Amino acid sequence: MSSFPFVDYQGNELCIESVALSKIAKTFGTPCYVYSHAALMTTLQAFNTAFAGFNHLICYAVKANSNLAILDLLARAGCGFDIVSGGELQRVIKAGGDPQKTVFSGVGKNPDEMRMGLAANILCFNVESEAELLVLNQVAKEMDKVASVSLRVNPDVDAKTHPYISTGLKENKFGISTDEAERIYTEKQTLSNIHFTGLDCHIGSQLTELDPFIQTSKKLLDLIDRLEAKGLEIEHLDFGGGLGIRYANETPPSINDYVASLCTIASKRNKRILIEPGRSLVGNAGLLLTQVEYIKHTPDRNFAIIDAAMNDLLRPALYNAYHDILPVTKNKDGTENYQIVGPVCETGDFLGHDRHLCIKNGDLLAVMSAGAYGMSMSSNYNTRPRAAEVMVDGHDMHLIRARESIDQLIAGERTLQQTIPENNNTRNFA
Ligand SMILES: *Cc1c(COP(=O)(O)O)cnc(C)c1O
């Protein structure tokens with residue numbers, strides 16, 4: 001099966017579902033993120049089908065793509081959410097998501113964020129250090145609440161992925177070693193405003209093998225057994241996210257095999273299973289639509305300078321990540337070897353190296369597999385307004401985020417002539 005089941009050529013024209021990408025460019029301009037409603041729902045369905053019969057909750061990792069329309073669709077399909085900031089919690093609530101299906105991850109939650117989570121009665125805090133646990137207990141006490149907690153275990157398993165997105169090795173900043181977690185679960189049961197309800201892990205992202213997931217799950221179950229032997233009741237097991245997708249030639253496990261292996265390992269324990277997929281849900285449901293601004297031939301190389309850049313899609317610059325790049329209109333003439341680069345003043349500003357394409361000024365290109373960690377990692381570097389986002393559903397196109405304007409981009413800024421010197425509250429302008 002193609003990696004992008006809802007993107008294909010109809011004649012010479014690349015379409016997403018039933019809409020030509022050229023029509024989207026004409027209507028909304030470029031650069032523009034485009035998502036397929038059908039791709040998103042089909043992938044979610046694959047997860048739910050694989051879990052059939054198991055007490056489970058899919059907590060979509062909001063940071064992969066936090067557009068309200070995507071959160072709304074997933075919420076209405078019954079998904080929970082995995083958040084890593086108070087801002088993401090606000091997005092979930094705004095989109096109609098259920099806080100009771102929301103888990104709060106992250107190594108550095110501050111007391112304000114803890115208060116937001118407690119006030120919303122979220123399902124669980126995934127706590128990453130003893131220090132954080134003590135602060136959470138204090139904050140909960142002040143609010144007369146009890147915080148439900150999982151400790152995030154760092155199992156010291158090699159996820160065999162890019163070092164920047166590997167999180168489950170003992171040298172990483174994430175989680176608590178299994179021995180240390182066992183000690184904290186045992187000793188800190190007595191904290192007045194903490195209730196241990198689960199056990200959590202997340203070993204990295206873009207995993208293309210099952211083995212690290214299996215090794216991790218086994219370590220978690222060993223720990224559960226040790227804890228239950230001491231009389232501690234654990235209600236849910238959270239296996240985190242991390243399932244990889246196909247960008248180029250990767251062969252990640254299928255959703256079905258991945259879920260089946262987790263269920264098999266957990267089957268003897270009667271626990272609710274949580275997972276926190278991000279990339280695997282949205283990654284291949286989106287693309288970045290861009291236009292060729294200039295073709296530039298140098299004695300060494302051919303450059304296609306496009307209107308999307310590293311500020312729109314950071315993954316190539318940050319991880320040397322590969323994204324397939326397809327012409328929106330297929331051209332029969334001979335191809336040339338191009339470096340696909342953006343307008344930003346950085347040599348790292350490329351979206352693809354050595355791509356064989358037949359293109360000219362004004363042509364449209366689709367940068368594939370850009371649904372996850374695309375828009376959500378975008379920035380305003382070089383004072384570039386962020387791209388528009390469009391969701392296609394059958395024949396319909398919906399603008400789900402308007403292109404940012406320069407006015408919006410600089411709205412919070414003031415020159416020294418415009419500020420009142422006595423007022424050094426930098427967050428609130430009068
Ligand atoms: C980023 C993250 C995820 C999602 O990872 P994917 O690789 O996108 O599935 C899940 N859980 C936690 C704690 C994360 O930080």
Side-chain angles (χ1 to χ4, degrees), residues 40 43-44 46-47 57-67 70-71 74 79-85 87-89 92 101-109 113 117 122-129 132 149-155 157 159-169 172-176 198-210 212-213 216-217 220 236-247 250 252-255 258-259 262 273-286 314-315 318-319 321 369-377:
L40 183 62
T43 309
L44 177 62
F47 274 107
L57 180 64
I58 295 170
C59 294
Y60 167 63
V62 172
K63 74 177 190 286
N65 187 325
S66 51
N67 186 287
I70 288 177
L71 303 185
L74 293 173
C79 268
F81 298 94
D82 169 48
I83 56 169
V84 291
S85 70
E88 286 190 351
L89 177 58
V92 166
K101 293 182 178 173
T102 299
V103 298
F104 197 156
S105 300
V107 287
K109 303 171 199 77
E113 293 176 314
I122 62 166
L123 175 64
C124 190
F125 288 86
N126 293 339
V127 167
E128 303 214 16
S129 64
E132 181 193 339
V149 168
S150 288
L151 295 184
R152 173 168 172 180
V153 168
N154 180 330
V157 166
K160 298 183 193 142
T161 183
H162 190 283
Y164 289 5
I165 49 176
S166 183
T167 58
L169 285 169
N172 297 141
K173 70 179 174 184
F174 299 97
I176 304 168
L199 183 54
D200 169 58
C201 68
H202 172 72
I203 59 170
S205 198
Q206 185 54 15
L207 274 72
T208 54
E209 293 173 36
L210 269 185
F213 289 116
T216 300
S217 320
L220 254 60
H236 76 250
L237 251 172
D238 184 339
F239 288 116
L243 180 62
I245 61 167
R246 187 170 174 141
Y247 287 98
E250 302 91 338
S254 68
I255 287 171
Y258 162 72
V259 170
L262 298 181
I273 296 184
L274 271 57
I275 55 168
E276 304 166 351
R279 187 190 313 271
S280 55
L281 256 176
V282 294
N284 273 331
L314 184 60
R315 299 188 68 261
L318 186 61
Y319 314 125
S369 311
Y373 305 105
M375 187 64 179
S376 63
M377 290 179 103

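Just so it is clear, the structure is predicted and the values come from calculations on it, not from any experiment. Reckoned from all heavy atoms, side chains included, excluding hydrogens, waters and symmetry mates. Ligands are counted one by one from 1 in listed order, and the atoms in each one are counted from 1 as well.
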Check: Mind checking whether Y258 and F213 have ring centres under 6.0 Å apart?
Finding: yes
Notebook entry, point to check: With atoms numbered from 1 as shown, which atoms in ligand 1 lie under 4.0 angstrom from a non-hydrogen atom of R279?
Noted result: 6 (P), 8 (O), 9 (O)
Note to self: Using a plain distance cutoff, I'd like to know if S280 has any nitrogen or oxygen under 3.5 Å from a nitrogen or oxygen of ligand 1.
What the structure shows: no
Check: Of all the atoms in ligand 1, which lie at a distance below 4.0 Å from a heavy atom belonging to S105?
Finding: 13 (C)
Notebook entry, point to check: Quick one: does P277 get a heavy atom under 4.0 Å from ligand 1?
Noted result: yes
Next item on the list: Find out whether the Lys NZ or Arg CZ of R279 is both under 6.0 angstrom from the six-membered ring centre of Y247 and within 45° of the ring's axis.
Entry: no
Notebook entry, point to check: For atom 7 (O) of ligand 1, which protein heavy atom lies nearest, and how many Å away is it?
Noted result: S205 OG, 2.3 Å
Notebook entry, point to check: Does any N or O atom in G278 lie less than 3.5 angstrom from one in ligand 1, N or O only?
Noted result: yes
Note to self: Using a 3.5 Å cut-off on N or O atoms only, is G242 in polar contact with ligand 1?
What the structure shows: yes
Margin query: When you compare ligand 1 with Y373, is there at least one nitrogen or oxygen pair between them that comes in under 3.5 angstrom?
Written below: yes
Check: Under a 4.5 Å cut-off applied to non-hydrogen side-chain atoms, are Q206 and T208 in contact?
Finding: yes
Next item on the list: Would you mind running through ligand 1 and noting each atom that sits below 4.0 Å from a heavy atom of R152?
Entry: 13 (C)
Next item on the list: Just need the protein heavy atom nearest to atom 14 (C) of ligand 1, so name the residue and atom and give the distance.
Entry: K63 NZ, 2.8 Å
Note to self: Walk me through whether E88 and K63 qualify under salt bridge (Lys or Arg N to Asp or Glu O under 4.0 Å).
What the structure shows: CA-CA 8 Å; E88 286 190 351; K63 74 177 190 286; over 6 Å; no
Checklist line | Distance filter under 4.0 Å to D82 heavy atoms, resulting ligand 1 atoms | finding: 10 (C), 11 (N), 12 (C), 13 (C)
Notebook entry, point to check: Under 4.5 Å between any side-chain heavy atoms of L199 and H236, yes or no?
Noted result: no
Next item on the list: Could you check if a side-chain atom of Y373 sits within less than 4.5 angstrom of a side-chain atom of L314, using non-hydrogen atoms only?
Entry: no
Notebook entry, point to check: Quick one: is the NZ or CZ of K109 closer than 6.0 Å to the six-membered ring centre of F125, and within 45° of its axis?
Noted result: no
Item checked: side-chain contact (heavy atoms from CB on, under 4.5 Å), paired with P277, selected from L44, I58, L243 -> I58
Margin query: For atom 11 (N) of ligand 1, what's the nearest protein heavy-atom neighbour? Residue, atom name and distance, please.
Written below: E276 OE1, 2.6 Å
